[in-house]
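Beneath this line is the structure, given in structure tokens, with notes to follow.
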Number of protein chains: 2
Amino acid sequence: METTATVAPKGRPREFCTDRALAAALGVFWSKGYEGASMADLTEAMGITKPSLYAAFGNKEALFHKALDLYEAEKLEYTRDALNQPTARAVAEHFMRGAIDAQMSSCDPKGCLGVISMTACGAEAVSIKADVVQRRASSQAALVERFEQAKRDGDLPDHVDIPGLTGYLYAILQGMAVQAGSGATRADLERVVDTSLMMWPGR
Amino acid sequence: METTATVAPKGRPREFCTDRALAAALGVFWSKGYEGASMADLTEAMGITKPSLYAAFGNKEALFHKALDLYEAEKLEYTRDALNQPTARAVAEHFMRGAIDAQMSSCDPKGCLGVISMTACGAEAVSIKADVVQRRASSQAALVERFEQAKRDGDLPDHVDIPGLTGYLYAILQGMAVQAGSGATRADLERVVDTSLMMWPGR
DNA sequence: TGGTTTCCATAACGTCCGGTACATATTCCC
DNA sequence: GGGAATATGTACCGGACGTTATGGAAACCA
């Protein structure tokens with residue numbers, strides 16, 4: 001069939017790889033935030049000029065949404081693995097240890113792009129914030145479902161409040177992201193995770 | 001003695017109350033963040049003009065530091081009460097319930113000024129961030145001391161890792177602040193607190 | 001080769017930013 | 001009353017921002 005043709009587009013071919021450019025943009029947004037990342041920062045890191053950026057990605061906001069897609073697909077992959085862990089405790093542990101790896105990688109900015117975008121409160125960031133909040137809500141809903149399954153499995157005590165437990169786990173994850181972005185060491189975060197797991201209900 | 005004289009300063013008296021103006025500035029910083037708050041936003045909320053602001057407070061950054069002092073003195077008063085609670089559990093509960101009251105007040109912006117300042121990552125916010133990080137560190141050190149006392153009191157099990165526990169509690173508090181600033185309800189946060197307390201070690 | 005299409009690069013646009021000269025008021029001290 | 005000192009209002013500064021117009025370069029099809 002070949003509907004998505006590789007048949008050579010009409011005009012002059014672009015001289016840069018959009019995927020690489022997007023990855024570079026993600027790095028800038030991740031380290032500087034949406035409002036803190038200027039077009040000059042972005043174009044320099046992406047190795048392209050402003051008109052090329054606008055032609056390929058629309059504008060700054062559209063570029064951010066695409067960078068967020070990439071972030072979810074690549075850097076938040078561990079959250080999907082986490083949901084497939086056999087027990088609720090293993091789910092929580094996978095979430096927290098995965099968060100440490102993602103937020104303290106030596107080749108990526110520290111902290112979580114979602115958290116710094118949710119806490120950004122400038123005027124231009126309002127639609128950005130709404131997008132991130134919505135993505136977080138759907139991710140949290142998936143965790144609620146997983147914990148309900150765990151309760152049916154007898155894996156969580158009957159008395160636990162599922163929304164409370166998910167909000168609690170997300171609070172720890174978000175707090176870890178705040179700390180990761182403000183000077184905490186990997187060992188600091190590991191202590192937080194170990195303490196959390198020591199208190200986890202059941203087993 | 002009267003060393004701090006009220007003996008009428010030399011020139012023309014200022015026509016506004018600096019304390020009220022500072023409180024208004026705090027409200028702007030709290031809801032918009034340091035970088036998101038423009039001088040126009042500030043002067044409008046404070047009811048003064050830019051030269052008056054610069055004469056009275058120095059510049060935007062100095063104004064922010066003073067607003068942060070006010071924030072600590074007024075809105076974070078509950079943290080000092082918390083340290084005086086009789087048990088470690090009561091300390092933690094006072095911290096968390098006090099955080100809800102401070103971050104979900106109907107007459108103040110939602111969320112925590114410290115958290116939004118620590119997660120702000122623009123270029124101009126670097127010294128701001130350093131200030132907030134340092135304040136947080138000294139506050140956290142006080143909590144470590146309090147928990148060490150609790151352990152001596154037999155109020156916390158011997159096996160608990162004190163830095164881990166304080167980092168854990170702070171993570172929950174910071175996560176609650178993130179959620180408060182991104183649409184969570186008071187009931188949501190109360191569920192998080194109840195869940196946290198259900199897991200608190202001992203008793 | 002000519003026409004069309006798409007991309008690249010320079011340079012500019014209008015707007016907002018934090019910060020300031022300047023002239024004018026208003027108070028105190030003498 | 002006459003400086004000296006401080007506050008106020010207007011108007012402006014240089015610079016950074018996101019975005020775009022413009023002209024030329026490189027690919028395709030005819």
Side-chain angles (χ1 to χ4, degrees), chain A residues 5-22 24-25 28-29 31-67 117 120-128, chain B residues 2 4-22 24-25 28-29 32-67 117 120-129:
Chain A
T6 359
V7 293
K10 299 227 165 168
R12 173 177 174 178
R14 83 164 36 98
E15 296 174 356
F16 63 94
C17 167
T18 57
D19 287 348
R20 280 187 198 285
L22 185 59
V28 177
F29 283 132
S31 67
K32 301 198 167 192
Y34 176 71
E35 307 176 293
S38 71
M39 294 301 294
D41 293 331
L42 291 165
T43 53
E44 182 185 347
M46 300 164 85
I48 62 178
T49 62
K50 285 194 269 187
S52 297
L53 190 156
Y54 276 82
F57 300 102
N59 60 12
K60 188 185 177 186
E61 182 174 343
L63 175 62
F64 181 83
H65 290 298
K66 284 168 186 164
S117 304
C121 36
E124 49 182 354
V126 53
S127 81
I128 298 298
Chain B
E2 271 292 332
T4 64
T6 0
V7 293
K10 299 226 165 174
R12 171 177 176 176
R14 74 163 43 96
E15 296 174 357
F16 62 94
C17 166
T18 57
D19 288 348
R20 280 187 198 285
L22 184 59
V28 176
F29 283 131
K32 301 198 166 191
Y34 177 72
E35 307 177 292
S38 70
M39 294 301 295
D41 293 331
L42 291 165
T43 53
E44 182 185 348
M46 300 165 84
I48 63 178
T49 61
K50 281 195 274 187
S52 296
L53 190 156
Y54 276 82
F57 299 102
N59 60 12
K60 188 186 176 185
E61 182 174 342
L63 175 62
F64 181 84
H65 290 298
K66 285 167 186 164
S117 304
C121 36
E124 48 182 354
V126 54
S127 81
I128 297 299
K129 207 173 147 177

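We use all heavy atoms of the structure for the numbers below, so side chains are in, but hydrogens, waters and symmetry mates are not. Every chain is numbered from 1, with letters handed out A, B, ... down the list of sequences.
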Is the distance from OP1 or OP2 of C:dT5 to the nearest side-chain N or O of A:Arg12 less than 4.0 Å?
no
In this structure, how many angstroms lie between the P atom of D:dT19 and the CG atom of A:Asn59, rounded?
5 Å
Scan B:Glu15 against the nucleic acid and name what it touches under 4.0 Å (heavy atoms): base, sugar-phosphate only, or nothing.
sugar-phosphate
What nucleic acid atoms does A:Ala37 come within less than 4.0 Å of, heavy atoms only: base, sugar-phosphate, or nothing?
sugar-phosphate
Tell me the interatomic distance from B:Lys10, atom NZ, to D:dG3, atom P, rounded to whole angstroms.
16 Å
How many angstroms lie between CD1 in A:Ile48 and CZ in A:Phe57, if you round to the nearest 0.5 Å?
6.0 Å
OP1 or OP2 of C:dG19 under 4.0 Å from side-chain N/O of B:Lys50:
no
For the residue pair A:Phe29 and A:Tyr34, categorise the inter-ring angle as parallel (less than 30°), tilted (30 to 60°) or perpendicular (more than 60°).
parallel
Got a sec: does the NZ of B:Lys32 have more than 12 other heavy atoms crowding it under 6.0 Å?
no
Are the side chain of B:Glu35 and the backbone of B:Gly122 linked by a donor-acceptor contact shorter than 3.5 Å?
yes
Mind checking B:Pro13 for me? I need base, sugar-phosphate or nothing, with any heavy atom below 4.0 Å counting as a touch.
sugar-phosphate
Taking only N and O in the side chain of B:Ser52, is any of them less than 4.0 Å away from OP1 or OP2 of D:dA7?
no
Nearest-Å distance, CZ (A:Phe16) to P (C:dC7)?
8 Å
Atom CG of A:Asp41 and atom C1' of D:dT19 are separated, to the nearest Å, by 16 Å
Tell me whether the side-chain N/O atoms of B:Thr49 come closer than 4.0 Å to OP1 or OP2 in D:dG9.
yes
Hey, could you give me the NZ/NZ distance between A:Lys50 and A:Lys60, rounded to the nearest 0.5 Å?
11.5 Å
Rounded to the nearest angstrom, tell me the gap between atom CD in A:Glu61 and atom C1' in D:dT19.
14 Å
C:dC17 phosphate, OP1 or OP2: any side-chain N/O from B:Ser38 under 4.0 angstrom?
yes
Rounded distance (Å) that lies between atom P of D:dA16 and atom CE of B:Met39
18 Å
